[in-house]
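One structure, pasted below without further comment.
Positions are given from 1, in the same order as the sequence printed here.
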Amino acid sequence: MNTKPKILIVDDKPENLKALRKVLKDLDIELVEATSGNDALKASLRHDFILALLDIQMPEMDGYELAGILREEEKTAHLPFIFISAVYTDNLNVFKGYEKGAFSFITKPFQPEILINKVKFFIEKHQQEIALFELNEELERKVKQISDYKYALDESSIVAVTDQKGIIKEVNNNFCKISKYTREELIGQDHRMINSGYHTKEFMQDLWVTISSGKRWRGEVKNIAKDGTFYWLDTTIVPFLNESGIPYQYMAIRSEITQRKDVEDQLQAVNKELEAFTYSVSHDLRAPLRAVNGYAQMLNDDYNPKLDAEAKRFIDNIKYNATKMGMLIDDLLAFSRLGRKEIQKSNIDMNELTKEVLVDINKSIAHSAEIKIGNLHSAKVDYSLMRQVMFNLISNAVKYSSKKEHPLVEIFSKEKNGEIIFSVKDNGVGFDMHYADKLFGVFQRLHSQKDFEGTGVGLAIVQRIISKHDGKVWAEADLNNGASFYISLPILLL
């Protein structure tokens with residue numbers, strides 16, 4: 001039976017697939033190749049992949065679209081992937097790649113060692129997950145059967161045993177290797193000699209309160225080795241109880257996760273860089289935009305009598321585009337901040353929320369649409385975020401039905417399969433369902449700017465907010481016959 005981890009590589013050019021095979025040929029893996037997005041989706045149904053390497057520039061379905069579909073499927077929702085591109089290498093595309101959930105973005109040409117090291121990380125992560133799963137299964141079986149701890153002191157894991165006061169009574173060879181202490185140096189010592197002091201007082205109290213009450217504890221622990229280096233361990237601590245039900249010793253069974261924690265630190269650093277980029281956008285781009293708008297206004301105010309109609313039109317265009325750019329920056333910043341915002345859920349009356357949204361829409365948009373609202377279900381959501389969702393969906397419906405003789409927007413909800421489904425339907429221009437997968441991407445528009453204004457970020461914001469609520473968003477439409485947008489939210493009780 002073939003138990004090698006499988007990696008999906010997707011590229012429409014055979015020579016690129018050949019090059020990837022050559023780079024990865026020495027790794028103990030099975031490569032599954034696809035030359036199109038559709039072939040990749042079919043392969044994901046037949047195989048269980050630990051990683052996907054995606055080209056971006058492909059006909060019919062590009063890498064971004066493929067990534068979006070993979071994220072929506074339950075089987076591949078958490079599949080890590082790396083974008084590899086020789087064309088889409090600018091900061092905006094790199095940002096878009098990370099926004100799609102990519103683990104990394106590699107630009108061609110690249111050093112083979114870079115790709116090899118990233119692939120090795122996922123191979124080792126996969127092996128650790130298998131080992132940890134098998135270890136936990138073994139632990140569950142044996143803890144129920146025996147009270148003697150010696151079975152764990154083999155070489156299959158990192159094991160230490162302490163008494164009820166935290167004095168080390170036994171360790172195995174793997175524990176000595178990672179801590180860089182000999183067995184003789186560890187036995188009889190307080191466990192705090194390997195504690196790094198990294199964890200908070202509350203963290204350690206939770207650990208000891210849990211195990212001293214006879215319950216098993218599971219968490220990630222940072223320790224310090226004899227030479228001063230640090231290492232991380234995924235740790236399960238099992239109390240052993242005497243006849244009175246009081247713990248008399250504890251067995252800590254561990255798996256090293258130092259490399260994974262290092263990667264998490266790198267991702268955290270990337271997020272900080274994105275925050276710095278957001279700050280730069282907010283401050284460095286707004287100032288010149290204000291200057292452009294200001295100078296255009298001064299030209300209009302001070303020299304208006306001297307300007308002919310064409311010059312005045314040029315000034316109006318400058319002011320319009322500067323304002324439009326400001327709106328785009330605002331939307332991008334709002335979209336970026338959503339990734340870091342913690343949601344605060346409470347039970348919200350969606351009827352009241354929708355009425356408040358309509359007040360805002362009536363103030364900001366001149367329209368003649370008839371708006372029908374059903375008796376909407378309450379939902380446990382973040383109030384401000386859900387208000388943004390409803391504003392974006394309803395204002396879109398008003399906008400895209402504005403050219404109808406009798407524009408109509410209908411807002412309803414229903415319960416189905418343990419979810420609340422809200423719908424916003426209009427009788428406007430609709431869209432071609434062949435392009436429905438583009439609706440919720442940043443800067444994706446299915447209608448021209450001259451017909452309907454907008455920045456192309458509103459629906460991307462909707463999708464991100466609903467995703468943070470563990471829900472889904474989708475749309476149905478016919479060209480020139482209206483569109484319906486749906487959001488589903490799990491039913492949560494207070």
Side-chain angles (χ1 to χ4, degrees), residues 71-72 74 77-78 99 101 200 202-203 205-206 209-210 218-219 268 271 274-275 278 282 330-365 369 371-399 409-426 439-440 442 455 457-475 484-494:
R71 278 289 174 266
E72 292 173 358
E74 182 177 357
H78 301 291
E99 182 56 42
T200 64
E202 291 74 19
F203 178 91
Q205 282 180 339
D206 172 71
V209 167
T210 300
R218 169 81 181 275
Q268 193 172 30
N271 285 334
L274 289 176
E275 288 182 19
T278 300
S282 177
D330 288 340
D331 284 350
L332 280 175
L333 290 175
F335 184 74
S336 175
R337 280 192 288 265
L338 279 175
R340 304 188 300 273
K341 179 176 172 60
E342 294 293 331
I343 63 174
Q344 303 293 330
K345 293 181 181 179
S346 59
N347 206 41
I348 300 299
D349 184 334
M350 291 296 291
N351 292 289
E352 290 300 318
L353 181 146
T354 303
K355 290 177 183 177
E356 293 173 8
V357 167
L358 288 176
V359 171
D360 291 342
I361 289 175
N362 291 334
K363 289 179 181 178
S364 59
I365 303 173
I371 298 179
K372 295 182 179 180
I373 306 177
N375 185 22
L376 303 180
H377 292 73
S378 295
K380 194 167 186 180
V381 294
D382 184 295
Y383 174 81
S384 62
L385 292 182
M386 191 52 59
R387 184 166 175 159
Q388 182 70 60
V389 166
M390 296 305 288
F391 183 92
N392 288 7
L393 291 180
I394 297 172
S395 59
N396 263 13
V398 168
K399 176 171 65 175
V409 176
E410 299 175 280
I411 307 163
F412 294 100
S413 70
K414 64 180 180 180
E415 287 188 20
K416 183 179 180 181
N417 299 328
E419 294 181 323
I420 302 172
I421 300 176
F422 295 91
S423 62
V424 178
K425 181 181 180 182
D426 65 69
L439 279 171
F440 301 100
V442 179
T455 60
V457 181
L459 289 179
I461 289 176
V462 168
Q463 185 187 53
R464 174 167 278 197
I465 291 174
I466 297 304
S467 177
K468 289 175 76 70
H469 283 79
D470 299 318
K472 296 178 182 177
V473 57
W474 68 97
S484 298
F485 284 81
Y486 301 91
I487 56 175
S488 66
L489 298 168
I491 296 177
L492 300 174
L493 301 177
L494 283 175

- prompt: Is there a side chain to side chain contact (heavy atoms under 4.5 Å, CB included) between N392 and Q388 once you walk through the steps?
  reply: CA-CA 6 Å; N392 288 7; Q388 182 70 60; 2.7 Å; yes
One should read off an interatomic distance between L376 CG and E352 CD, to the nearest 0.5 angstrom, of 10.5 Å
Rounded to the nearest 0.5 angstrom, the CD1-CD1 distance for I465 and I461 is 6.5 Å
So CD1 of I394 and CD1 of I373: to nearest 0.5 Å the spacing works out to 6.5 Å
Tightest non-hydrogen contact, residues S395 and F391, listed as OG-O, 2.6 Å
Next on the checklist: Set out, in order, the CA-CA distance, both residues' side-chain angles and the distance that settles side chain to side chain contact (heavy atoms under 4.5 Å, CB included) for F485 and N396, then state yes or no.
Outcome noted: CA-CA 10 Å; F485 284 81; N396 263 13; 5.5 Å; no
What one should report as the nearest heavy-atom pair of M350 and T354 is O-OG1, 2.7 Å
d(Q463 CD, W474 CH2) to nearest 0.5 Å is 12.5 Å
Residues L489 and A379: closest non-hydrogen pair is CD1-CB, 4.3 Å
Heavy atoms of N351 and G374 approach each other most closely as OD1-O, 3.4 Å
**Asked** Would you say D206's side chain and E202's backbone share a donor-acceptor pair under 3.5 angstrom?
**Response** no
Validation row: I466, M386 side chains within 4.5 angstrom (heavy atoms):
yes
Under 3.5 Å, sequence neighbours excluded: what are the donor-acceptor pairs made by side chains of residues 413-424?
residue : atom : partner : partner atom : Å
S413    : OG   : H377    : N            : 2.9
S413    : OG   : H377    : ND1          : 2.7

Y383 meets the side-chain contact (heavy atoms from CB on, under 4.5 Å) criterion, sequence neighbours left out, with I348, L353, E356, R387
Heavy atoms of H469 and K345 approach each other most closely as CD2-CE, 4.0 Å
The reported gap from CG in L385 to CD in Q344 (rounded to nearest 0.5 angstrom) is 10.0 Å
Smallest heavy-atom separation, S378 atom then D349 atom, equals OG-CA, 3.8 Å
Interatomic distance, CG@D426 vs CG@L393, rounded to 0.5 Å, equals 10.5 Å
